[in-house]
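Accompanying notes for the structure given below.
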Amino acid sequence: MDINKIRNDFPVLRSNPKLAYLDSAAMALKPDCVIDAVDDYYRRLGVNVHRGVYQLSYMATDLYEEARSTIAKFIGAEFDNVVFTRGASASLNLVAMSYGMTFVNEGDEVITTELEHHSSHMPWINVCKVKGATLKYVPLDSDGRITVEAFKKVLTNKTKVVAITHVSNVMGYVTPIKEIIKLAHEVGAVVSLDGAQSVPHMKIDVKELDCDFLSFSGHKLCGPTGIGVLYGKKDLLEKMPPIEFGGDMADTVYTHEMTFKMAPYKFETGTPMIASAIGLAKACQYLESIGLDEISKHEYYLKSLAVEGLKKIPGITIYNPTAETGIISFNIDGVHPHDAASVFDNDRVCIRAGHHCAQLITRHLGTIGTVRASFYLYNTEEDVQVFVEAVKDAKNFFGQF
Ligand code: PMP
């Protein structure tokens, strides 16, 4: 990978060459090609899709639906498996509010984990409360990982849904998801996989994983904000009811009756996020042109360098030194994570502090929050050095009190 060339694709890095942007797990920066694709739609077309009976609208519709095909291909899916949503949170909620509220009943069980982002497990707290089902948690091992063995302990014939993360946004661990999906299917359960932190960083093939649902956001994979994807198996999407009603998703409408279009359109009411979908497709092509395997290797390499650097500083707790991805969660002993993060900002290091919308794992770690650094394709060894020096600075700064 030619990192200098890659960095040159990102206007934020061109205008802030000294910035160590280590918050890509929250949001990735955007390359020119994505910004240009969004800009091009607004400048050249800027009209609605699906409804207009004129050339510009046909062209916008083609671009928008081509975007769906490109994104489907990116995850090994077919065109009509891809529902556009506002983001991973909306996708995960759609599964719970539609599939969960329809097919989970009293006495059934739903399995989730303490590693989930709130958007992955909270919708199921709601479903289980409303439907009288039981929500069970996979016990994490001593490192805070989900294991197949632990999953087997909570899986029963009553399990209807497994709502689980592919990569934790706090710990960066990769869930052994293929085995878990296979076991879930053996008892007839469906798996809703949270791919918000996996799809941007590793090659995913939904058919190979055999997951039933996969949710992710555009903004974490160098795409625009306000766009996400719900992948669903066709037979499941077909039997799921829509949860929002209105323009574009309807087929026939009478005073007391209505019918809907086929999936994915029955889940997409109103004017869609046209420019964002087009931008997201461009982001997928951009990442593919660099290579997802190369990107994963690069992030892991930088994360490992950073872990080695942090280990040499006394008084630092690293919560996930063995993570397989580009995420490090740590604390400077005795220092509130938000205080630590504000000192990093002085050193032009962008990192995140807090519970990262994952209070269960934060509590599991016995802390009020962590400082999180996350690496992506545009980060460099120099970013790692700046980061490690910033941790030393912060340590010394707080050591004075
Ligand atoms: N799941 C995980 C693992 C995440 O990291 C995030 C974003 N932090 C989400 C879900 C929710 O994504 P969004 O905020 O884009 O809806």
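Every number for a ligand or one of its atoms is a count from 1 in the order of the listing. The chain is numbered in sequence order, starting from 1. Given the structure is predicted, the values throughout are model-derived calculations rather than measurements.
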Within the structure provided, determine whether Y376 and I295 are in side-chain contact (heavy-atom separation under 4.5 Å). yes
Partners passing salt bridge (Lys or Arg N to Asp or Glu O under 4.0 Å) against E257 (at least two apart in sequence or in another chain): none
Under the side-chain hydrogen bond (donor to acceptor under 3.5 Å, both in side chains) test, residues paired with T252 that sit two or more places apart: T259
Stacked cation flag K392 on F387, 6.0 angstrom / 45 deg: no
Can you name the side-chain hydrogen bond (donor to acceptor under 3.5 Å, both in side chains) partners of N93, sequence neighbours left out? none
Please tabulate, line by line, the atom pairs linking an N/O of ligand 1 to a protein N/O at a distance below 3.5 Å, with the distance in Å to 0.1, or answer 'none'.
unit_1, atom_1, unit_2, atom_2, d
ligand 1, 1 (N), D194, OD1, 3.2
ligand 1, 1 (N), D194, OD2, 2.6
ligand 1, 5 (O), Q197, NE2, 2.6
ligand 1, 8 (N), H117, NE2, 3.4
ligand 1, 8 (N), K220, NZ, 2.8
ligand 1, 15 (O), S217, OG, 2.6
ligand 1, 15 (O), H219, NE2, 2.7
ligand 1, 16 (O), S89, N, 2.9
ligand 1, 16 (O), S89, OG, 2.6

For residues K182 and D210, determine if any side-chain heavy atom of one lies less than 4.5 Å from a side-chain heavy atom of the other. no
